[in-house]
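One structure is given below, encoded as structure tokens.
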Amino acid sequence: MGILEMDTLVQTRAADLPALFREKRGRLGVIGLGYVGLPICLAAARAGLDVIGFDIDKAKPEALRRNESYLKHIDAAAVTAAVESGRFQATSDLALLSEADALLICVPTPLTAHLDPDLSYVVKTAEMIAEILRPGQIVILESTTYPGTTEDVVRPILEQGGLKVGEDILLAFSPEREDPGNERFSSATIPKVVGADDELSLAAVTAVYDAFVERTVQVSSSRVAEAVKLTENIFRAVNIALVNELKLVYEPMGVDVWEVIDAAKTKPFGFMPFYPGPGLGGHCIPIDPFYLTWKAREYGMATRFIELAGQINSAMPQHVVNRLAQALDMHSERGLNGARVLVLGVAYKKNVDDMRESPALKLIELVEARGAKTEFYDPFVSLIPPTREHAALSGRRSLPWSAALAGGYDATLIVTDHDTVDYRAIVDCAPLVVDTRNACRRFGVQSSKIVLA
């Protein structure tokens with residue numbers, strides 16, 4: 001029976017939740033229909049669960065009810081299939097979440113201006129849930145955060161109404177592992193780590209994800225599960241910082257860091273390739289390390305290695321701009337002041353429309369601060385959305401594509417290496433191409449006009 005056919009609420013006990021989801025009779029409520037929440041909704045509905053997707057942004061549920069996808073890496077056909085199956089309902093009506101047996105919190109966890117954790121979205125969501133919480137529900141936090149958030153922040157809010165975790169209601173943490181645009185892995189095929197602080201909550205959260213994910217991995221507590229996510233992304237941040245620093249070291253030696261990495265990765269053991277770039281982007285890698293750094297101070301610990309990596313990665317946009325200015329001077333005998341620069345790609349990574357923490361925004365600001373004029377082309381991003389850190393860039397539109405696009409600019413700066421871009425046409429027309437991703441070589445395009453940065 002689909003959600004839309006249900007007109008009565010069947011009460012459950014917390015102890016019944018594992019069996020309920022093992023038998024796929026449990027109803028899933030997902031709060032936050034963005035890059036994490038929406039894929040979960042669709043995966044769960046495909047697996048036969050009834051799903052209620054909630055978002056305070058009314059435009060998202062309205063689009064989904066029209067069978068539309070607002071995320072370019074999610075096909076509208078997947079939304080249509082879920083909606084027309086009767087198993088997926090999108091809403092902005094908070095009261096409907098009382099019908100769900102499991103409530104997944106998939107909201108942002110950004111940083112403040114001082115690089116401290118901003119848990120306001122998690123706190124507000126927990127407060128909303130507390131208003132409609134009933135016995136027999138499990139609340140699962142998916143938002144990336146520091147160890148202790150589930151137990152020390154979310155639990156007290158949920159228990160304010162008198163319901164007790166482990167008895168009346170259940171509580172767990174399962175870190176999101178979404179990778180927008182990844183064609184090899186999806187919400188259903190990426191192993192799901194689950195952690196809770198009592199046996200019944202752990203059994204229930206395992207059963208919830210077992211219902212639509214191929215494999216769940218249990219850990220001993222919510223704190224361990226929270227630390228897993230931070231460790232995954234700190235590992236990436238530190239290794240990216242390493243190759244970014246190697247790029248800076250090898251550059252004056254005339255050594256191509258991309259060639260070095262490609263050769264090094266032929267070693268079948270003891271090496272894992274990471275690649276340099278123009279700066280970190282996405283919601284995870286630029287942000288998550290600071291959550292642990294902040295929490296470590298509470299215990300009198302200094303995360304020197306993590307903080308150094310953050311400093312190196314944060315300095316990369318300035319290095320790219322300096323390299324761009326140097327290349328203009330060498331190739332065109334002019335500086336950045338008054339130059340026209342085409343920024344190629346503004347999404348934070350290739351083949352998606354995701355703009356979260358994109359280094360392109362910082363690069364545009366730095367280039368324009370040096371007196372240059374910029375425009376951008378991105379086949380996935382037609383409009384720069386509002387952001388807290390780069391509000392002045394909001395509303396800028398992508399140029400339309402043409403084979404001669406780069407010919408009208410003094411330099412083209414490749415920031416995002418989308419696969420659909422015709423790099424040969426760009427290089428043929430551009431007086432100068434500054435490539436921060438080694439994209440041209442990957443696509444077999446070589447020219448003396450290309451400068452790596």
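Sequential numbering from 1 along the given sequence is applied to the chain's residues. The basis for the numbers below is simple: all heavy atoms, side chains too, and nothing from hydrogens, waters or symmetry mates. Remember, predicted model here, so these are calculated numbers, not experimental data.
- With respect to Cys106, the side chain to side chain contact (heavy atoms under 4.5 Å, CB included) criterion is satisfied by exactly one of Val36, Ile31, Leu33: Val36.
- By the ring-ring contact (aromatic ring centres under 6.0 Å, His included) test, Phe443 pairs with Tyr423, sequence neighbours left out.
- Looking at Arg304 and Glu307, no side-chain N of the basic residue comes within less than 4.0 Å of a carboxylate O on the acidic one, giving no salt bridge.
- Shown here for Leu328 and Ala411, the closest heavy-atom pair between the two residues is CD2-CB, 4.1 Å.
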Exercise. Hey, mind stepping through Tyr35 and His73 against side-chain contact (heavy atoms from CB on, under 4.5 Å) and telling me if it holds?
Worked result: CA-CA 10 Å; Tyr35 288 94; His73 68 284; 3.5 Å; yes
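- The structure places NZ of Lys124 at 12.0 Å from CD1 of Ile157, a figure rounded to the nearest 0.5 Å.
- Formation of a donor-acceptor pair under 3.5 Å by the Tyr209 side chain with backbone atoms of Glu214 is not found in this model.
- Side-chain atoms of Glu176 and Ser143 form no donor-acceptor pair, as typed in the model, at a separation below 3.5 Å.
- Residues Pro61 and Thr91 share a closest heavy-atom pair of CG-O, 3.5 Å.
- Applying the ring-ring contact (aromatic ring centres under 6.0 Å, His included) criterion to His319, with sequence neighbours excluded, gives no partner residue.
- Around atom CD of Glu68, more than 12 heavy atoms belonging to other residues, nucleotides or ligands sit under 6.0 Å away.
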For residues 39-48, run the donor-acceptor check on the side chains, cut-off 3.5 Å, and write out each pair with its distance to 0.1 Å, sequence neighbours left out.
none

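- No donor-acceptor pair under 3.5 Å is formed between the side chain of Thr149 and the backbone N or O of Val153.
- Between the Lys295 side chain and the Tyr146 main chain, no donor and acceptor come within less than 3.5 Å of each other.
- Although no hydrogens or angles enter the test, the distance criterion places no donor-acceptor pair under 3.5 Å between the side chain of Thr416 and the main chain of His418.
- With hydrogens and angles disregarded, a donor-acceptor distance shorter than 3.5 Å links the side chain of Arg340 to the backbone of Gly408.
- Salt-bridge formation is not detected for the pair Asp435/Lys449: no Lys NZ or Arg NE/NH1/NH2 atom is positioned less than 4.0 Å from an Asp or Glu carboxylate oxygen.
- To the nearest 0.5 Å, atom OG1 of residue Thr150 and atom CG of residue Leu158 are 10.0 Å apart.
- In this structure, Tyr121 and Ile105 have side chains that are not in contact, with every pair of non-hydrogen atoms separated by 4.5 Å or more.
- Once rounded to the nearest 0.5 Å, the distance linking NZ of Lys192 with OG of Ser187 reads 8.5 Å.
- The two residues Cys440 and Val427 make their nearest non-hydrogen contact at SG-CG2, 3.8 Å.
- A donor-acceptor pair under 3.5 Å is absent between the side-chain atoms of Ser222 and the main chain of Ala196, judged by distance alone.
- Note that OH of Tyr409 and CG of Leu344 are 11.0 Å apart. Values are rounded to the nearest 0.5 Å.
- In this structure, Arg66 places its CZ atom where more than 12 heavy-atom neighbours from other residues, nucleotides or ligands lie under 6.0 Å away.
- Closest approach of Val243 to Pro276, counting heavy atoms only: CG2-N, 3.6 Å.
- The shortest distance between side-chain heavy atoms of Arg442 and Trp258 does not fall below 4.5 Å.
- A side-chain donor-acceptor contact under 3.5 Å links Asn322 and Gln318.
- No donor-acceptor pair under 3.5 Å is formed between the side chain of Lys349 and the backbone N or O of Gly281.
- Checked by atom type and distance alone, the side chain of Thr189 pairs as donor or acceptor with a backbone atom of Ser186 at under 3.5 Å.
- To the nearest 0.5 Å, atom OG1 of residue Thr145 and atom CG of residue Asp288 are 9.0 Å apart.
- The number of heavy-atom neighbours closer than 6.0 Å to CG of Leu111, taken from other residues, nucleotides and ligands shown, is above 12.
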Please tabulate, for the side chains in residues 357-368, all donor-acceptor contacts under 3.5 angstrom to protein atoms that are two or more places apart in sequence or on a different chain.
unit_1, atom_1, unit_2, atom_2, d
Ser358, OG, Val346, O, 2.6
Ser358, OG, Ala360, N, 3.2
Glu365, OE1, His390, ND1, 3.0
Glu365, OE2, His390, ND1, 3.0
Glu368, OE1, Arg396, NH2, 3.1
Glu368, OE2, Thr374, OG1, 2.6
Glu368, OE2, Arg396, NH1, 2.7
Glu368, OE2, Arg396, NH2, 3.4

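- Taking all atoms of both residues into account, the shortest heavy-atom contact from Pro110 to Tyr291 is O-OH, 2.7 Å.
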Exercise. Can you check side-chain contact (heavy atoms from CB on, under 4.5 Å) on Lys60 and Leu38, steps first, answer last?
Worked result: CA-CA 10 Å; Lys60 290 178 181 176; Leu38 181 56; over 6 Å; no
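- No side-chain donor-acceptor contact under 3.5 Å links Arg397 to the backbone of Pro400.
- With sequence neighbours left out, Thr231 forms a side-chain contact (heavy atoms from CB on, under 4.5 Å) with no residue at all.
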Exercise. Passes salt bridge (charged side-chain N to carboxylate O under 4.0 Å, His left out), Arg441 versus Asp262? Steps please.
Worked result: CA-CA 12 Å; Arg441 185 184 302 163; Asp262 285 344; 6.0 Å; no
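- Residues Thr412 and Ala406 come closest through the heavy atom pair OG1-CB, 3.4 Å.
- Evaluation of the ring-ring contact (aromatic ring centres under 6.0 Å, His included) rule for Phe290 yields no partner, not counting sequence neighbours.
- Side-chain contact between Thr109 and Leu119: present, with at least one pair of heavy atoms (C-beta onward) separated by less than 4.5 Å.
- Side-chain atoms of Asn313 come within 3.5 Å of backbone atoms of Ala309 as a donor-acceptor pair (strictly under, hydrogens ignored).
- Checked against the 6.0 Å centroid threshold, Trp401 and Tyr377 count as a close aromatic pair.
- The only member of Thr216, Val228, Val224 that meets side chain to side chain contact (heavy atoms under 4.5 Å, CB included) when paired with Val193 is Val228.
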